[in-house]
Amino acid sequence: MKRLKHAFYARDAATLARALLGQVLVRVLEDGTRLAGRIIETEAYLGVEDKAAHSYGGRHTPRNAAMWGPAGHAYVYFIYGMHYCVNVVAEGPGRPAAVLLRALEPLEGLERMRAHRAGKIPAERLRPADLCSGPAKLAQALAIDRGLDHADLVEGASLFIERGAPVPPAEIISAPRVGVDYAEEWTRKLLRFRSRGG
DNA sequence: ATGACGATTTACT
DNA sequence: GTAAATCGTCATA
């Protein structure tokens, strides 16, 4: 498989969000274990004009600094006091846009993902479909935390994306983004993308 | 120094 | 359907 290069990421977030569907997110653990999943759901956060984005209004804080950095790096943030979410930085300098990875279809390292997700959850509920079916779930399954904020997906060794089969436009379902009810007119915009049939 | 809140998940009624 | 869990971050002072 071939790793996606910088040019793939350096596009507007909505275009990147659609292009990421079907690509394969790869996480290499400290011990060399490879975890991978096909990206099946994304959300685009467009930049300073997007009231749902962390960069809205030009906000540039320690937390969201990665959004202002180079395309093709990770933006990982901690939310609700207990969860991490993973984004892929889009666009380029001065354009703080990113794509939130919302769901994967697990492909490699399922046992390890299950172990990461375990905790109090009964084994029966750790079917493959439950491992990466949400932004915080996939971060947990792939052991992605603040340590991977700013990680370079183009050159880095621990997190990157490999070329998969792109999802044709006709197979992409658009919907409003989740959890952004505060974003006024930006709440309704169709910036969430899902591969039909998962 | 303080306080309100969040790009979620889970369990429970 | 509703609510709890749980704390870093940021705006305000």
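Below, each value reflects all heavy atoms present in this structure, side chains not excepted, and no hydrogens, waters or symmetry copies. Sequence lines set the chain letters: A, B, ... in the order given, protein chains first and strands last, and positions in each chain run from 1.
Side-chain proximity of I79(A) to the nucleotides dG6(B), dC10(C), dT9(B) is greatest for dG6(B). Of the candidates dT9(B), dC10(C), dA5(C), dC10(C) carries the atom nearest the P62(A) side chain, counting heavy atoms from C-beta on. Distance from the side chain of M82(A) is smallest for dA5(C) among the nucleotides dA5(C), dT9(B), dA7(B).
Using a 4.5 Å heavy-atom threshold, the side chains of L29(A) and H116(A) count as touching.
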- Message: Could you go through F78(A) and H83(A), starting from their C-alpha distance and side-chain angles, then the distance that decides it, and tell me whether this counts as ring-ring contact (aromatic ring centres under 6.0 Å, His included)?
- Response: CA-CA 6 Å; F78(A) 184 62; H83(A) 299 302; 8.2 Å; no

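Legend: residues meeting side chain to side chain contact (heavy atoms under 4.5 Å, CB included) with A36(A), ordered by chain and number and at least two apart, are V24(A), V26(A), E108(A).
Rounded to an integer number of Å, the gap from H54(A) NE2 to dC5(B) C1' is 11 Å. Rounded to a whole Å, the CZ atom of R117(A) is 11 Å from the C1' atom of dT8(B). The OH-C1' distance, from Y77(A) to dT8(B), rounds to 9 Å in whole Å. One can place CZ of R102(A) at 7 Å from P of dT9(B), the figure rounded to the nearest angstrom. Between L138(A) atom CG and dT9(B) atom C1' the separation is 13 Å, expressed in whole Å. Regarding L101(A), its CG atom lies at a distance of 13 Å from the P atom of dT8(B), rounded to whole Å. Rounded to whole Å, atom P of dC7(C) lies 12 Å from atom NE2 of H83(A). Across the protein-nucleic acid pair, Y80(A) atom OH and dA4(B) atom P stand 17 Å apart, rounded to whole Å.
Using a 4.0 Å heavy-atom cutoff across all strands shown, A136(A) reaches sugar-phosphate atoms only and no base atom. Residue contacts shown for R146(A) are limited to sugar-phosphate atoms, with no base heavy atom under 4.0 Å away.
Between R63(A) and dA11(C), a side-chain N or O to OP1/OP2 separation shorter than 4.0 Å is absent.
A donor-acceptor contact under 3.5 angstrom links the side chains of T33(A) and R112(A), judged on distance only.
Figure legend: cation-pi geometry between R27(A) and F160(A) absent, as NZ or CZ is not positioned both under 6.0 Å from the six-membered ring centre and within 45° of its axis. A cation-pi arrangement is found for R11(A) relative to F8(A), the charged atom lying closer than 6.0 Å to the ring centre and inside a 45° cone about the ring normal.
With the nearest nucleotide of DNA chain B identified for both D130(A) and M67(A), M67(A) has the one nearer the 5' end.
Residue R188(A) places its CZ atom among 12 or fewer non-hydrogen atoms of other residues, nucleotides or ligands, all under 6.0 Å distant.
Base pairing in DNA chain C gives the following stems of 3 or more Watson-Crick or G-U pairs, range against range and under 3.5 Å: B:1-6 with C:7-12, B:8-12 with C:1-5.
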